[in-house]
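Okay, so here's the structure we're looking at.
Atom set for the values below is all heavy atoms of this structure, side chains included, hydrogens, waters and symmetry mates excluded. A quick note: this is a predicted structure, and the numbers were derived from the prediction, not measured.
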Amino acid sequence: MEKFWPLAIAAMGLILGGCGRALFYQPQIATGGINSNFAEEFPSYSGDGRYLAFASERDGRRNIFLYDLQTNQLVNLPNLNRRDSSQDQPDLSEDGRFIAYVSTERGRQDVFVYDRNQGRSQLLTVNLRGSVQNPTISGDGRRVAFQSNERGQWNLMLVDVTP
């Protein structure tokens with residue numbers, strides 16, 4: 001039994017030492033134009049860590065913004081945000097080229113994918129009934145998953161996106 005205590009104490013030291021680091025993280029409010037006087041929500045990093053997409057009402061309506069962390073500037077997203085609807089819940093592909101998001105452009109929630117190279121969006125839920133939420137896009141931008149309550153409960157839906 002006496003041989004057990006030093007081993008137990010060493011194991012506890014490893015466990016507590018590993019946990020102790022997490023207790024000392026100090027989150028900071030991001031600077032450099034990311035934040036405004038309005039709520040910034042649904043942050044999503046590109047897989048390469050260069051871009052950060054988020055939703056905000058800083059322009060008076062719900063829009064999606066893209067921030068380039070290398071240049072510390074907002075990136076223009078032509079034809080994505082619309083005056084007569086809200087855009088929300090963005091998710092980025094690996095390189096930040098594609099953004100999956102929820103929009104009320106058709107008077108209800110739909111999932112779209114925006115291609116930054118082409119400056120246009122593709123509707124993915126044209127024939128879907130019910131609400132949608134939480135889209136996520138694969139790293140290569142070819143697949144999107146999201147939640148839909150079309151069948152009376154929240155189910156996962158998968159869409160292959162054509163280029």
Side-chain angles (χ1 to χ4, degrees), residues 22 25-163:
Y25 286 126
Q26 186 63 35
Q28 298 176 4
I29 294 176
T31 59
I34 294 178
N35 287 304
S36 69
N37 291 329
F38 297 90
E40 320 299 353
E41 298 179 305
F42 298 103
S44 174
Y45 270 112
S46 60
D48 63 7
R50 178 172 179 174
Y51 297 102
L52 179 68
F54 58 94
S56 174
E57 292 183 14
R58 62 175 64 186
D59 289 342
R61 64 187 182 281
R62 192 68 160 182
N63 283 328
I64 292 174
F65 295 88
L66 185 66
Y67 191 79
D68 186 329
L69 294 159
Q70 284 183 0
T71 65
N72 294 321
Q73 294 180 3
L74 289 170
V75 175
N76 190 23
L77 300 172
N79 305 315
L80 188 142
N81 296 307
R82 311 227 182 227
R83 291 183 191 173
D84 57 348
S85 62
S86 67
Q87 283 57 238
D88 209 359
Q89 303 174 30
D91 190 58
L92 290 171
S93 63
E94 175 76 19
D95 61 1
R97 174 181 172 182
F98 298 101
I99 304 172
Y101 65 99
V102 172
S103 176
T104 61
E105 182 178 318
R106 297 192 321 147
R108 63 183 194 93
Q109 292 181 324
D110 281 301
V111 175
F112 287 81
V113 171
Y114 177 78
D115 182 339
R116 288 182 45 223
N117 288 354
Q118 296 181 4
R120 13 174 235 199
S121 295
Q122 179 180 358
L123 172 63
L124 302 183
T125 53
V126 66
N127 295 319
L128 190 69
R129 295 185 175 139
S131 294
V132 296
Q133 65 183 17
N134 300 319
T136 184
I137 193 164
S138 62
D140 61 7
R142 295 179 185 229
R143 292 173 301 284
V144 175
F146 57 91
Q147 291 175 277
S148 171
N149 66 359
E150 179 180 46
R151 297 181 181 168
Q153 70 179 26
W154 289 106
N155 289 299
L156 297 178
M157 308 297 276
L158 306 172
V159 177
D160 287 326
V161 180
T162 55

In chain order, what residues pass the side chain to side chain donor-acceptor pair (under 3.5 Å) check against [X], with sequence neighbours excluded?
X	result
S138	D140
R61	none
D115	R97
E57	none

By side chain to side chain contact (heavy atoms under 4.5 Å, CB included) - contacts of [X] (at least two apart):
X	answer
D68	R50, Y51, Q70, T71, V75
S148	L128, V132, F146, E150, M157
S121	Y101, F112, Y114
A145	T136, L158

message = Considering only residues two or more places apart or on different chains, which pairs with a residue in residues 68-91 satisfy ring pair (Phe, Tyr, Trp, His ring centres under 6.0 Å)?
response = none

task = If a pair satisfies salt bridge (charged side-chain N to carboxylate O under 4.0 Å, His left out) and one of its residues is in residues 35-47, list it, with sequence neighbours excluded.
result =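 For residues 35-47, and leaving out neighbouring residues, the salt bridge (charged side-chain N to carboxylate O under 4.0 Å, His left out) pairs sorted by first residue read E40-R58, E41-R62.
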
request  = Mind jotting down which residue pairs meet the salt bridge (charged side-chain N to carboxylate O under 4.0 Å, His left out) criterion with at least one end in residues 71-84? Sequence neighbours excluded, please.
outcome  =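 Qualifying pairs, neighbours excluded: R82-E105.
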
Any donor and acceptor pair, going by atom type alone, linking the side chain of [X] with main-chain N or O of [Y] inside 3.5 Å?
X	Y	answer
T104	Q109	no
Q147	N155	no
R116	G96	yes

query = Have Q87 and S85 got a donor and an acceptor in their side chains that come within less than 3.5 Å?
reply = yes

query = Side-chain donor-acceptor pair under 3.5 Å between D95 and S93, yes or no?
reply = yes

ask   = Atom CD1 of I64 and atom CG of D88: how far apart are they, to the nearest 0.5 Å?
value =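 Answer for the CD1-CG pair, I64 versus D88, is 7.0 Å.
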
Results of salt bridge (charged side-chain N to carboxylate O under 4.0 Å, His left out) for D110 - residues two or more places apart only = R106, R108

